[in-house]
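Notes for the one structure printed next.
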Amino acid sequence: MLVSGNQAMKKKLVGNLQANYVDKIRGFKLWSDLHTPALLKPALSYALDWLSPELLGTGFVITEAGDESIKAKVPFHKTNCDFHNQIHAGLVVNAGLEVVSTYIAKHWAKNLWEIKSYQIELNKNLKWDKDLNLQFFCSEQDMDKLILSLQKNDQVSFEGTVFISMKNSNQSDSLKLKLNIIKLKLLA
């Protein structure tokens with residue numbers, strides 16, 4: 001009985017350490033994407049991609065993170081393409097979720113919430129055969145409402161749209177997200 005209790009505690013501690021590790025790598029990747037000199041950016045991005053498995057080898061970078069918007073880029077590589085030689089839709093959905101998660105984490109500490117479930121609607125009309133730019137906008141009032149709702153309630157719903165465009169294009173596709181976010185308790 002004591003042995004199984006110790007094993008359970010060890011698994012929980014290792015799980016928490018791994019979660020903290022991934023969060024630290026994400027934070028460092030975001031910082032490096034925004035502040036690293038152009039000469040060092042490719043090497044550092046490549047190294048951090050290998051340390052962060054959910055972004056492994058995609059070249060996904062957050063290019064700008066402001067108070068009301070966040071921008072990211074998914075480069076066109078053969079390894080990022082599907083059988084139509086376009087950037088894989090699943091990669092774009094994951095990148096869109098990462099963009100919104102990073103944006104929320106910029107305003108509300110990541111260890112205080114998590115996405116419990118989500119609904120997505122991908123509207124794709126363009127041919128994704130070039131680098132994709134992702135943009136998410138949220139007013140300060142909407143973010144304040146989310147934070148206040150998270151403080152008052154255990155679960156909230158958050159909706160937003162990530163716009164997907166190619167360089168030098170006026171047209172865009174969209175990824176509509178409806179996230180169910182739960183508040184995490186620091187002390188159990």
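Keep in mind the model is a prediction, meaning the values are calculated, not measured.
Using a 4.5 Å heavy-atom threshold, the side chains of Leu146 and Val156 count as touching. When side chains are defined from C-beta on, Val100 counts as touching Leu179, because their heavy atoms get closer than 4.5 Å. Considering only heavy atoms from C-beta on, Ile181 comes within 4.5 Å of Ile104 through its side chain. Leu177 is not listed as a side-chain neighbour of Glu159, based on a closest heavy-atom distance of 4.5 Å or more. At a threshold of 4.5 Å between non-hydrogen side-chain atoms, the residues Leu97 and Leu175 do not count as touching. With a 4.5 Å cut-off on side-chain heavy atoms, Met166 and Leu132 count as touching. At least one side-chain heavy atom of Gln151 sits less than 4.5 Å from a side-chain heavy atom of Ile147.
Figure legend: Lys110 and Trp108 shown without cation-pi pairing, the cationic atom not lying both under 6.0 angstrom from the six-membered ring centre and within 45 degrees of its axis.
Shown here are the ring pair (Phe, Tyr, Trp, His ring centres under 6.0 Å) partners of Phe158, two or more places apart in sequence or in another chain: there are none. Scanning for ring pair (Phe, Tyr, Trp, His ring centres under 6.0 Å) contacts around His84 gives an empty result, with sequence neighbours left out.
To the nearest 0.5 Å, atoms NZ (Lys106) and OG (Ser101) are separated by 15.0 Å. The distance from the CG atom of Asp129 to the CG atom of Asn85 is 7.5 Å, given to the nearest 0.5 Å. Remark: His107 NE2 to Cys138 SG distance equals 7.0 Å, nearest 0.5 Å. Asn133 contributes atom CG, which lies 10.5 Å from atom CD1 of Ile164 (distance to the nearest 0.5 angstrom). Rounding to the nearest 0.5 Å places CG of Asp131 at 6.5 Å from CD1 of Ile87.
A side-chain donor-acceptor contact under 3.5 Å links His88 to the backbone of Gly90. With hydrogens and angles ignored, the 3.5 Å screen pairs a side-chain donor or acceptor of Tyr103 with a backbone N or O of Asp67.
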Can I get a per-line list of side-chain donor-acceptor pairs under 3.5 Å for residues 116-126, giving both atom names and the distance, sequence neighbours left out?
unit_1 : atom_1 : unit_2 : atom_2 : d
Ser117 : OG     : Asn180 : ND2    : 2.8
Asn123 : ND2    : Ser174 : OG     : 3.2
Lys124 : NZ     : Gln86  : OE1    : 2.7
Lys124 : NZ     : Leu126 : O      : 2.8

Give the table of side-chain donor-acceptor pairs shorter than 3.5 Å for residues 69-76, with sequence neighbours excluded, one pair per line with atom names and distance.
none

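Identified under the salt bridge (charged side-chain N to carboxylate O under 4.0 Å, His left out) test for residues 135-147, with sequence neighbours left out: none. Residue pairs meeting the salt bridge (charged side-chain N to carboxylate O under 4.0 Å, His left out) criterion with at least one partner in residues 172-182, sequence neighbours excluded, are absent.
Within a 6.0 Å sphere centred on NZ of Lys130, other residues, nucleotides and ligands contribute 12 heavy atoms or fewer.
Linking Ile, Leu, Val, Met, Phe, Trp and Tyr whenever their side-chain heavy atoms come within less than 4.5 Å leaves Trp113 and Leu148 in two separate clusters.
Across all their heavy atoms, Ala89 and Trp128 have their closest contact at CA-CZ3, 3.9 Å. Nearest heavy atom pair, residue Val92 against residue Leu134, reads O-CD2, 4.2 Å. Pairing each heavy atom of Val99 with each of Phe136, the nearest pair is CG1-CB, 3.9 Å.
In this pair, Phe163 and Phe137 present their aromatic rings tilted. The plane angle is within the 30 to 60° band.
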